[in-house]
2 protein chains.
Amino acid sequence: MSGPLTERRQTILKLVIQEFVDTATPVASETLVRKYRLPVSPATVRNDMAALEELGFLTHPHTSGGRIPTDAGYRFFVENLMERTSLSPAEQRMIRHQFYQVRGELDQWVQLACAVLARTAHNASVATAPRAEQLRFKSLELIAIHETMALAVMVFHGGIVKQQTLPIEPGRTPEDLRRAAGIVSDLLADTTLSRAEELAATATFNGIPLSDFERGLVDLVVRAMQAFEEQAQEQIYSDGLLEMLSQPEFLPASGRDDAERAIERMRRTLEILKSGRGLSPLIPQALASGGVQVIIGGEHGEDAMRDYSVILARYGVEGAIAGVLGVIGPTRMAYPRSISTVRYIASLMSNLLAELYNVNARPSEVETDPNGDQRA
Amino acid sequence: MSGPLTERRQTILKLVIQEFVDTATPVASETLVRKYRLPVSPATVRNDMAALEELGFLTHPHTSGGRIPTDAGYRFFVENLMERTSLSPAEQRMIRHQFYQVRGELDQWVQLACAVLARTAHNASVATAPRAEQLRFKSLELIAIHETMALAVMVFHGGIVKQQTLPIEPGRTPEDLRRAAGIVSDLLADTTLSRAEELAATATFNGIPLSDFERGLVDLVVRAMQAFEEQAQEQIYSDGLLEMLSQPEFLPASGRDDAERAIERMRRTLEILKSGRGLSPLIPQALASGGVQVIIGGEHGEDAMRDYSVILARYGVEGAIAGVLGVIGPTRMAYPRSISTVRYIASLMSNLLAELYNVNARPSEVETDPNGDQRA
DNA sequence: CCTTAGCACTCTCGCCTCACGAGTGCTAAC
DNA sequence: GTTAGCACTCGTGAGGCGAGAGTGCTAAGG
């Protein structure tokens with residue numbers, strides 16, 4: 001009964017999605033014909049729409065009022081209909097420029113990525129800080145703040161830095177601190193957590209027992225590494241909430257109950273972004289796969305996310321460090337643009353990190369086209 | 001015509017505010033009599049209410065439907081009617097415990113303060129990071145990340161730390177880095193920005209010209225200090241948006257236009273918190289004065305804030321470092337509780353900072369009652 | 001078999017009306 | 001100064017109605 005998915009029907013599906021993404025209102029057969037100068041009549045379009053509906057790609061909320069895409073419709077669009085675009089060179093340049101301005105301050109990269117993603121994709125963005133696949137200690141520095149307080153700066157492989165203040169006994173000289181830090185650095189150099197724990201248990205360095213102070217420092221490092229490892233639930237940064245909430249989905253179209261639902265949606269959205277519920281399960285998945293992942297609506301079963309789509313990409317340096325960034329918004333989303341934005345920024349971040357890792361290090365500016373080295 | 005502000009009228013004002021804060025609905029004369037077992041009749045209460053209205057402390061939105069307090073009403077309540085309470089010892093203990101858990105990681109204090117404030121006051125919270133009244137350099141450390149990349153950790157007086165990666169030439173040994181950092185540290189030790197700029201211009205240390213590398217480091221420090229200084233618009237952290245948005249003010253009471261207004265309010269609120277518009281002007285004020293500041297509604301002229309009250313307190317160490325933290329929410333707010341929460345957390349943070357500054361340094365746990373040393 | 005014109009049908013949206021109830025303001029008595 | 005009684009106001013929600021939009025169907029045409 002439903003008939004085959006002819007060329008024309010695919011075109012109509014594509015146009016319905018385009019139009020719906022633009023206007024956020026159900027699209028009628030006549031609108032489509034008029035706006036895109038289709039060489040067929042509205043009735044024909046209606047027939048095709050009915051077929052698309054039976055195929056599960058379209059639906060209509062009310063008897064009257066046009067069609068809207070289903071999750072499956074969006075899925076088909078993303079897989080088969082959408083042309084793959086890139087951000088315009090001007091936009092790429094602008095984005096690179098912003099990253100250039102905070103070069104060096106790598107603790108700001110993630111936030112910047114979120115901000116840029118949100119502004120460019122007109123939706124909320126999420127990102128996790130880059131995380132080493134296995135944390136390895138590099139060195140420890142102690143910096144006196146005053147007589148009884150010092151700052152411990154722990155550096156791990158891959159530029160990950162953690163700092164912590166600790167109380168010290170008044171007598172210690174800067175030289176003292178330096179020597180103790182040096183011993184601990186040498187002892188723990190290049191160790192992973194499990195090895196560090198072993199070494200901490202022996203409490204000796206080259207056969208010589210550690211002093212109390214040194215043992216305290218070793219413990220500090222081990223605790224920091226444990227804390228890092230235990231933090232299974234990756235912290236998710238996000239931005240652009242306002243951007244997303246300006247989408248018409250969050251405006252009360254009409255009627256009082258619709259308004260109430262809009263508010264409820266808003267609150268839900270906030271919760272999702274704040275707690276990461278519904279988002280966290282996607283992270284490992286995105287980390288595992290290369291390329292850009294698109295999760296549309298309730299596809300992966302999380303009910304809270306039924307009305308949202310997520311576009312995620314992994315970024316980082318192969319075999320060393322990786323994080324995830326992406327865009328989240330209503331299923332009615334400009335997929336091509338969002339996807340290219342996510343892809344571009346992930347590549348950019350990857351390049352920046354690679355530079356930090358001295359893999360293909362480049363003078364100091366990112367110039368390569370980050371779209372090139374990205375898998376499908 | 002309006003008559004004097006008798007004792008009973010003050011009581012009624014107080015009860016109206018209490019009741020309205022509790023229920024978020026306009027309070028009727030009869031409700032008041034019934035609920036608080038007043039020894040007078042509803043009619044009498046109505047008369048007093050009318051008087052309070054003429055005095056500008058109450059208003060009623062519609063002819064029918066009870067009274068609600070005006071900004072002036074809240075103001076009078078806060079100044080004269082409210083009993084000054086403290087957080088319960090149990091709550092104080094719980095809060096201290098949370099801070100104890102992140103002792104050492106002072107970059108998390110502000111965030112924690114925000115989180116705790118929001119949860120305790122059931123409203124959104126804001127805070128600025130502690131800021132030295134005048135930034136003074138302390139020392140610089142260079143830590144190699146790999147052959148061509150180093151991490152510069154700049155420490156300023158008061159435990160303020162800024163880190164930045166910088167590219168280095170491949171040949172440099174750790175000893176090289178340490179020496180260069182030492183020279184720069186000595187050169188710039190204890191300088192303020194203007195002095196550092198002068199020293200950077202001469203580019204000599206004890207008469208000996210600096211190497212290119214050392215000059216680069218000096219520039220790095222100066223730029224960091226400039227960036228810090230220029231950041232006139234203090235970054236405002238915030239939390240508890242969700243907490244605030246669960247307040248009934250953000251629910252559509254009835255009718256479609258009310259729903260629309262609720263959403264609009266929500267969006268506004270987001271903007272206020274994100275951009276700090278309407279909040280920023282209050283910061284310097286709060287920094288200047290001791291004690292807790294209460295700004296009710298549009299009192300200070302900012303229109304965007306007409307429906308919000310802000311409770312701010314300064315925290316920090318006298319003459320050294322200071323920040324601001326507080327609560328923001330609808331004018332219908334539990335002022336006594338909010339104020340005591342803000343006061344308590346400000347004192348707690350002050351104590352923690354004092355410890356870091358070695359003023360009245362204490363073993364490592366905060367035990368004093370932070371309410372003690374707070375001015376009115 | 002595909003396409004198209006015509007038309008009845010359905011459903012939302014906005015508007016109006018109306019009755020109800022809550023709470024007040026006023027007046028007069030205590 | 002306080003209180004009872006009562007008329008009045010106004011928000012609220014339910015129900016009804018007309019207009020308009022867009023479809024589904026049917027039958028005719030290529």
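Atoms considered below: every heavy atom in the structure, side chains included; atoms not considered: hydrogens, waters and symmetry mates. So you know, we letter chains A, B, ... as the sequences are listed, proteins then strands, and number each from 1.
Residue order along DNA chain C, read from the 5' end via each residue's closest nucleotide, puts A:Arg46 first among B:Gly65 and A:Arg46. Toward the 5′ end of DNA chain D lies the nearest nucleotide of B:Val45, the other residue of the pair B:Val45 and B:His62 mapping further downstream.
Around the CZ atom of B:Arg267, the shell of radius 6.0 Å holds more than 12 heavy atoms that belong to other residues, nucleotides or ligands. By the neighbour-count criterion of 12 heavy atoms within 6.0 Å, atom CD of A:Glu79 is densely surrounded, having more than that number from other residues, nucleotides or ligands. At most 12 non-hydrogen atoms from other residues, nucleotides or ligands lie less than 6.0 angstrom from CZ of A:Arg306.
Here the side chains of A:Glu299 and A:Ser309 are not in contact, with every heavy-atom distance at 4.5 Å or above. A 4.5 Å side-chain heavy-atom check between A:Met305 and A:Arg268 finds every atom pair outside the cut-off.
The residue from B:Phe57, B:Phe20, B:Tyr335 that alone fulfils the ring pair (Phe, Tyr, Trp, His ring centres under 6.0 Å) condition with B:Tyr74 is B:Tyr335.
Going from atom CD of B:Glu30 over to atom C1' of D:dA4 covers 13 Å, rounded to whole Å. The distance from atom CG of A:Asp48 to atom P of C:dC2 is 10 Å, rounded to the nearest whole Å. Taking atom CD1 on B:Ile68 and atom P on D:dG11, their separation rounds to 13 Å, with Å as the unit. To the nearest angstrom, C1' of D:dG22 lies 15 Å from CG of A:Leu58. Going from atom CD1 of A:Ile12 over to atom P of D:dT23 covers 12 Å, rounded to whole Å. The CD-P distance, from A:Glu19 to D:dG22, rounds to 11 Å in whole Å. The distance between atom CG of B:Leu32 and atom P of C:dT24, rounded to the nearest whole Å, is 10 Å. The separation between A:Leu52 atom CG and D:dG24 atom P is 12 Å, rounded to whole Å.
Proximity note for B:Ser64 (side chain, C-beta onward) versus C:dT24, C:dT4, D:dT9: the nearest is D:dT9. For A:His60, taking side-chain heavy atoms from C-beta onward, the closest of the listed nucleotides C:dT24, D:dT3, D:dG24 is D:dG24.
In the region residues 33-44 of chain A, proximity to DNA chain D at under 4.0 angstrom, judged on heavy atoms, holds for none of the residues.
Residue B:Thr63 is classed as a sugar-phosphate contact, given heavy-atom separations below 4.0 Å to backbone atoms only.
Distances shown here put a side-chain N or O of B:Arg8 below 4.0 Å from the OP1 or OP2 atom of D:dT2.
One side chain, A:Tyr308 or A:Thr269, offers a donor N or O that lies under 3.5 Å from an acceptor on the other.
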